[in-house]
Structures are given as C-alpha cells and as structure tokens.
Amino acid sequence: MRDRSNSADGNPDRDLSAEHPPSPLEVEGEERDDQPREASIDQSGRVTTGFGRYLFKHVSGAIVSLLLVLFSSFFIFRLIAGDPIDQLTRERPVTPEQRETMREEMGLNDPLFTQFIDYITGMLTGDFGISLQFRRPILELILERLPATLLLSGTGLVLAVALGFLVGTKAGWRQGSRFDRTQVTTGLLLYSAPTFWLGMLAILVFARYLGWFPVNGMRSPNTPDDFFSQALDIGHHLVLPVLTYTAVVYAGYLMVMRSSILDEVGSDYLTTARAKGLRDDKVRRKHAIPNALLPTITLVFLAIGNIVNGAIVTETVFSWPGLGRLFVQSIFYPDRPMLQALFVLFSSATIIAVLFAEILYWFIDPRVRKS
Amino acid sequence: MKTRSMKRRLVAAGAAAVMTASILATTATQAAAEADNDDKNSLLVAAGQEVDTFNPFKSRFIITYNTNLMTYDTLVRASAVDYEPEPGLATDWDESDDGLTWTFSIREGVEWSDGEPLTAHDVAYTYQLLIEDEGVRSWNIDFAGNLASAEAPDDTTFVLTLNQPAPAEVLNSGTYIVPKHIWENYDDPADDNINDELPLVGSGPFQVSEYRTDEFIRLEANENYWDGAPGFDEVVYVYYNEPDAAVAALETGEVDIVNNLNPAQAAALEGQDGITVNNAQNRRWVSLVLNHGARTADGDSYGDGHPALQDQAVRQALHHAIDKEVLVETVLDGNGDPGVGIVPRIFENFHWDGGDELVQFDLDEANRILDEAGYELGDDGIRTMPDGDEELSFRFYHHADSTDYATVVQFVTEWWAEIGVEALPEPIEQGSLNDLVYLGEYDVSFSGWGVGPNPTSILGQHTCDVLPETTDGSERSHENFFCNEDYDQLHRAQQVESDPDVRADLIHQQQRILYEEAPVIWLYYQNVVEAYNSDKISGMTLQPSENGMITGQQGFLWAYHSATPTGETAGDGTSTGVLVAIGAAILVVIAGGAFYLLRRRSTADERE
C-alpha cells in the first residue's frame, strides 16, 4: 500500500475548488480561461436556488417518465397473444363451465376499463395483484426472488466494474501495447459471445467435466439449515453464474474507461504533473483516473438500475431463482399481471438510478452548475 | 532481465494458484456432495414446472398432480400393470344395479401423517366438499356435477350416490382424500392459498414438507404408509430450466431422474456407467388439425378456413399422403409409434388399431380420391376446386419453438405437393397459434395432448356439447369444431357402461368415426425418454408393465414408492472438509492479491 503522506504534495484533482493547477474539468469547459474561481464562488452563492431548480426539473421529469411507464405497462402486455387459461388446462381437457369458472376467478372476464382502474389503484397502493401462474400475491413472489437477483447481478456488477475499470485504465494508458491489444480483444470476444452459449460452456467445463462447481440452481436441497453452511453452499453455486455474467458485461466498462483515459492521456495537466517529477504510476492514479471516471458514472448508475431486472439469460441458463427468470416464465405463460408489475419495477429502478446520477452530477461536474 | 524473471515468476505463481484453487474446489465439491448424502436417502427428480397451488381441489399442473398424488391417497388406484382400477384406500367397492349408488369399504387402521386415524368420515367429508362447496364444486364440475350425496354410515363404509350412472368417472376420478380434522378449520376450502402449512397432512407415501419457489419441492416419506414405507427417505423435485443442464446434473450425480430427453441427449447418456436410459411409451400424441369448418353451437360458421377442407374426401386424401412411419423414423429417431386414433397405444384396452380401415401411405390412392372428387390438376401442379378456380393451397401453421414440427412440415409439404396440394408453412408462437385455431382462422395446424387412463375427457373434446357459443375464440373446450350425432351417442353410452369390454368397444367405434371423418390426423405417439442414476436407485416399478414409464405415471406414483437405494452412501461427510477447503481457497486468493501488490510496487519502483 502506498503511504498516505505522498498525496500531501498538493495533488488537487479530487478537490474541484482547489487552487492549482486548474481542474481539467473546468479547463475542458466552455469558459476555459481565467476567472474560474470567482465564477464558481459566485455561483456557489446561488447554489441553493440553482440546485433547487435543477432538482425540481429532474425529479418532475422522472415522475412523468414513471407515469408513462405505469400507463403503457398495462397496454403493452395486452398485445401478447394467448389465453392464460390454455396453460392451466393443457394437461386435462375441461368443460366450458370449468373454463368459465377459471376465467371469472382470475378476473379475465372483467371489462378492460375495470381492469385498468384496478391495476392503477393497485399499483399506487402497493397491491400488485395475483399472479396467474403461481396464483399468489405478486408482491410476495417478487420479494421472494429479489435477494437472489441482487446477489447475482450485484456481485456480477461490482466485479465487472472493478475489472473493467482496472483493465480499461491500464489499456488506455498504454494504448497500442500488447496488454492493450490482448485485453481489448479478449474483452470484446467475451462481450460478443452469446451469454447462453458461454453459460452452457461454463457448465460443461467447470461443472460437468471438472466437477468444481454445481451445475445449476442456488443451493443444494440437503444443505444443513445453519447460516454458515447455507452461505457456503450459495457461494459455491454463485461462482459460475457470476463469472458468466461478469465475462459478458465487463468489456463495456473496459472500453468506456479506456477511451476516457485516452481522452486524458495527452492533456497538459498530465504533462505538468509529470514535469513536477511525479511517477508515471502516480500521475495515472491521482490525476488521470479521477477525471476519466466522470463519463463512466452514468454507465455505472444505469447498470445499478439494471441490477433489479437481473441477468435474464444468465438466470435462465443457471436456473437461478431470480426476477429475470420470473420475467421469462411470465412471458411464456402469459402472466399479464406479473409482467405489468415487473415491467413497472424494472423501469422505475432505471429511472430512479438515472435520477440519482443526474443529481450526483451537480456535485461532481462544475459544468452542470454553470449551465 | 529482472522484469523477465519477474514475469516468469508471476506466471508460475499464477499457475500454482489456479492449480491449488482447482484442487481445493474439487475437494470442496466432493465434501459438499458427501455432506448432501449425510443422513438421508434422497430421490432427486429434475423438474421444470412451477407450483400453481397446493390446494388439491384446484391444482392443474403436472407437478402438483404428482405432489398431490404422493401426499394424498385416492379410493381407487390405476394399476401399474395396465391402468385398470385397483384398491387404494378402498379395499372393495360395489355399484348398485341402477348404477347410481356406490358402496366403498374403507381400509382399516390407516393413519394420517400426523398420527390421526383415517376413517370413512374423512372420505365422506372430502366428497361433500365436492358437492356442497361452491368453489370446489365449480372447479371440478366435470366430476362433481354428477354427485348427489356422500355419506359415511360407519367408520369403514362410504356410500356415494350419483345423478346418472358414471362408473368410469367414479373409478378414475382420482379424488384426493383430505383430512377432515385439518380442512374443517379452513374458512374457504376453494382458496388457492389455504393449504400452505408445511408439512402437509395426508395419508399417501410422501408428504410435501418444504417448498422453495424455483429451487426445490421436498416430500418426506410416510414411514407408516399402509402399503409399506417407501425405500427412500424423501423425494425432492429440483428445478432445472435447461434440459441440457439437467442432463449434466444427472452425469455429476446432482439429480437422479431426468425425463423428456431428446434423441441427442439420450444418445449421449446411453451406455454411460451407472446411468440407465428408459425409452418408454407415452400417453401423448401429436396431430394435424384440419379446419373442416369452424362453427358455433347454433351452426353459424365463422373463420376463414379453406373450403376444400370441408370436403371429407380432401381430408382423407391428405391423410393418405402422410407417411407416418417415415416421420417416426426421422423426426423421433424411431422413438415412437405411428398414430391411429385418439387413444394412444399405451392404453391397450381403449386403443383402436384401425383394423381393415387403417390408412396406408399411398400417393396414387390420394391422387385417385382427389381426381374422383373433381379437383383438377392445374398447369402449375396445384389442384383447383371443382366449382371454381380457387387452388388447393393451405396455410400450414406450426409451433415456432418446435424443431420436430418444423421437420414434419418439410416432409408433409413435399408429399402433399405430389398430390397437387400446396402447403404454405408458417411458424407461429404458441399463444398466437392457439388464438388463430379457436378463431377458425387457419387451414392446417399442429396439436398435441396427453391422455389419461379414462379417455372420456379427451373424447369429449369432439362432442357437440363443447362447440363455442360465440365466435370470439374464447371458448376453448373443443379441439376443432367437430360435431357428429352418432359420435355423441356412443360417447354418452360409454360414459354409463360398466362392462369394460363393452365400453372399450364403444370407444373404438368413436375413434373409428373420428378416423373416417378425419377432422384430425394423428401423426404419432411419441415415446418419453427418461434416464436415471442406476448406481443409486433400483426397483422402480414401471407403468404400464410393458415398456412403461417412470415419471409420467397416473393414478399412483408406483416408481417413487417402490424405488429403493442400492447401497450405502458416503460416510460421515461432515462439512469440516468444505470449510477447510474454502478457507484455504480464500488464503490462496489473499496470497495472490498480496503478491500482485508487491509486484506492482516493485515495478513502480523500477520505473521511478
């Protein structure tokens, strides 16, 4: 570990209001010369009102999007063809009366308008209705699966971002090096591989032939109930799906990080930093990376929004009991109430994550405050 | 030089780390596997379907059919030999001369899984639910609608009275007998979510004891089962989304029984040590439905089916121009039988083999029929209608997700081209395809059903009673708009017939009418290919005894009840092994990380 004292040598980049050298963010801004300090102080006097307006603008925008999602969700899934009762009766033919009973009980006979009103009031009061395939409250089913999804996509996301940023930075810093070329090629190769195929391959190699990991699922049915054994077993089951998920998505972060670094590589402030006699490694870590991180924040926040809908294909291949798999099952049924609820959930997660990204920008990017 | 040796060292260290990790992971897996087998003999069955509800009066899925059948007993079972009714909870039964009163003797000394005694009062209570509870009744109206009363004059006698004679229905209803002392406490016995306190209380060989959505369903053995304790301590359904993954899991021992294998999967497993492949007859068929005229119960026709298909001669000609033997050989890889009637070959008594009328693949005959009926061959090789110039060009819809059907379409299209009939194949997603069929907006389409030991309900799909009232396609109890008076008469006669042989004859006649009228062409009865871990399991009873199956059994799950573990499972297998292995793996990772950081610092130093 590097000792903290080193950073005391006037490294300014993390602190945007610091004196010199001028933060590259401001340098890149429209008003690139002089008075940056005065302006920002000026502006900081109006920060509250400016921030209030900014917040209002984005929050109201998010609310409008949420309402649009809420309304469209009801209609989109009516376009899926098929009668849900077909699934229920496909094993045993039933009489017309029985069919009618089933339709009645599942509310399929209600007029569209009634269904719509029920749906809207339900959504607004947190009652998502009853799933047609599981015949249980949707909220309960979603909450049951949420932890599994967060575990898989969350772990996967952290790994993918970490790996992507690490490799992307190094690759961008030494553009054209062998490291750059091999890493970019590997990353893109995995990125373009179908998740399904990669997952099956992982199962065949690591579970079937090497026997290192279980084939499928989240836990073995006969693991003892105590916390430690369960955690161990779930961790064991988690490895292959997480690896597959990470392998497929990390290249996205790699490429964005790499190109951000490339943007910074030739900058004057880096030359300055080098001229001051800083080590190459340090110039990269203390000066280039913080500035290059900015464009990737949106990407990370979008990904955080996506955690909820899980890795749909990964969950399907590995029979992971999460929301993504639930979504797929519901499409094939078709389980409309479930699809509506999931669609609203997934979309809101993304909308809210993006809203947070917007708010965060106010604090980390001075250009936003100036506009 | 220095960097170079450093690199080499790094590679070596990395390789060592990977190797150690792999060895550790392997021990961890083995230890985990041992821990799994620790104290229980589990029968692990691969499953793919969700649980709809554990309320046995309302469940409709196959998976809950199976869990219900294990949790609860029925009065009468379907025999493992040939599906014939045989004693279950009832040791004996008697039908009155008018066929309206049934008296059952209830087995003595049977206990519920919670230790309470099971008596005829429980049986009467169950049947009374079917008669008196509005919700339970309407979900089971096909059987319950005919019940008049259910009484238990004493602890071992149960009397059921009917509105109309229905011997086959009574013996095959498969009504799950539920414990009165538990169900009395339920406010609404027709609620989907009432029966959710696990373990369920039943009198069957296994009771549902744990359920984790999308993960597994556990059923614990009933050690006091009246027909002998099961050999395994539990049956666990484990969820697999991908059939290929389930096959891999069978190979690694994570699951013991897998079904619905395709020919490639079966071939891969065939001949592997410790795995037995069971290529069994199935209760399913695949057919082509022909739009011979969509109509309502009032006789109004609707839809846009091709008029030529309303001509029986055309339908018969199409039938002659399908080589079912070839389809079985190529599409099913030989795993099946050519289709004849609506009752598959597995139900020997009711299956009709076509006799002298069996349609043979004969293109000349097909051409002759069409010539005779006045469909003249046009210059483009396609026949036209006798009274106009509309060509015999049929839309041919098949399920987009089935490669089997796509192959069938290719063959059939070529055969039909040789008799001057053009088929225009179009793959359609299953939901839309069903919608189109019930709207009558199709010419030729695929269909498939599973048949039970009592063929009444499947035969009932072709009666006039189930024709739709409206034209919006929402009434789907019919297969494809068939209605024939003679057929309906036979249907009613077989429903009340007590003599099995006479009944079989009536059902044969029904099938013959369907065969001649040809609203449907049955293509094949597809086998079910199952595989199981024969190192671990032995003694599974098949149903039927001739070329029978394990996973799709009806009326009683003979295979799981009779399955016994072959031998000793792995020893004490504490999870210490796992812990040690994982701990060591973590150490390796930390060491690797430290090494990396050190190296980084050293290179950084070099740079300076």
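Side-chain atoms are counted along with the backbone in the values below, which use heavy atoms only and exclude waters and symmetry mates.
Using a cut-off of 4.0 Å between Lys/Arg side-chain N and Asp/Glu carboxylate O, A:R136 and A:E144 are scored as salt-bridged.
The contact between B:D435 and chain A is made entirely by side chain atoms (from C-beta outward), counting heavy-atom distances below 4.5 Å. For a residue to count as touching a neighbouring chain, one of its non-hydrogen atoms must lie under 4.5 Å from one of that chain's; by this rule B:W449 touches chain A with the side chain only. Heavy-atom distances place both the backbone and the side chain of A:R219 under 4.5 Å from chain B. Contact of B:S432 with chain A is made through backbone and side chain together, with heavy-atom distances under 4.5 Å. Heavy atoms closer than 4.5 Å to chain A are found nowhere in B:L433, neither backbone nor side chain. Only the side chain of B:N193 comes within contact range of chain A, with at least one heavy atom under 4.5 Å from a heavy atom of that chain. Contact of B:V236 with chain A is made through the side chain alone, with heavy-atom distances under 4.5 Å. Interface remark: A:T89 contributes backbone atoms only to the contact with chain B (heavy atom separation under 4.5 Å). Of the atoms belonging to B:R476, heavy atoms from both backbone and side chain fall under 4.5 Å from chain A. Contact of B:Q430 with chain A is made through the side chain alone, with heavy-atom distances under 4.5 Å. The parts of B:D52 that come within reach of chain A are both its backbone and its side chain, each placing non-hydrogen atoms under 4.5 angstrom from that chain. For B:Y240, the parts lying under 4.5 angstrom from a heavy atom of chain A are both the backbone and the side chain. For A:Y333, the part sitting under 4.5 Å from any heavy atom of chain B is the side chain, from C-beta outward, and nothing else. Interface residue A:R208: backbone and side-chain heavy atoms are both found under 4.5 Å from chain B.
Using a 4.5 Å heavy-atom cutoff, the side chains of B:L44 and B:F232 are not in contact. Contact of the A:T195 side chain with the A:T244 side chain is registered, since non-hydrogen atoms from C-beta on lie closer than 4.5 Å. Residues A:M200 and A:L204 form no side-chain contact, since every pair of their non-hydrogen atoms from C-beta on lies 4.5 Å or further apart. Contact check for A:R135 versus B:N55: no side-chain heavy atoms found under the 4.5 Å cut-off.
At distances below 3.5 Å, at least one donor-acceptor pair connects side-chain atoms of B:E475 with backbone N or O atoms of B:T470. When atom types are taken as modelled, the side chain of B:E479 and the backbone of B:H462 share no donor-acceptor pair closer than 3.5 angstrom.
The two atoms that bring B:T296 and B:L467 nearest to each other are O-CD1, 4.0 Å, heavy atoms only.
For chain B, the option among A:D86, A:T95, A:I85, A:I203 with the highest count of heavy-atom pairs below 4.5 Å is A:D86. Annotation: maximal heavy-atom pairing with chain B below 4.5 Å, among A:M218, A:R103, A:Q133, A:R145, occurs at A:R145. By number of non-hydrogen pairs under 4.5 angstrom with chain B, the leading residue of A:Q329, A:R325, A:M102 is A:R325. Listed options B:D196, B:N434, B:T53, B:T213 were ranked by heavy-atom pairs under 4.5 angstrom with chain A; first place goes to B:T213. Ranked by non-hydrogen atom pairs under 4.5 Å with chain A, the options B:L436, B:N140, B:D142 are led by B:D142. In terms of non-hydrogen atom pairs under 4.5 Å with chain A, the most contact-rich of B:F61, B:Y65, B:Y239 is B:F61. Among B:F216, B:W139, B:Y438, the residue making the largest number of heavy-atom pairs under 4.5 Å with chain A is B:W139. Residue with the most contacts toward chain A among B:V255, B:D465, B:V466, B:I62: B:I62 (heavy-atom pairs, distance under 4.5 Å).
By the 30° and 60° cut-offs, the orientation of the rings of A:F206 relative to A:W212 is tilted.
If you take CG on A:N216 and CG on B:N241, they are separated by 7.5 Å, rounding to the nearest 0.5 Å. Summarising the geometry, atom OH belonging to A:Y209 is positioned 6.5 Å from atom CD belonging to B:E251; distances are rounded to the nearest 0.5 Å. Note that the CG atom of A:L326 and the OG1 atom of A:T316 stand 10.5 Å from one another [nearest 0.5 Å]. Rounding to the nearest 0.5 angstrom, the gap separating the CG atom in A:D335 from the CD1 atom in A:I138 is 6.0 Å.
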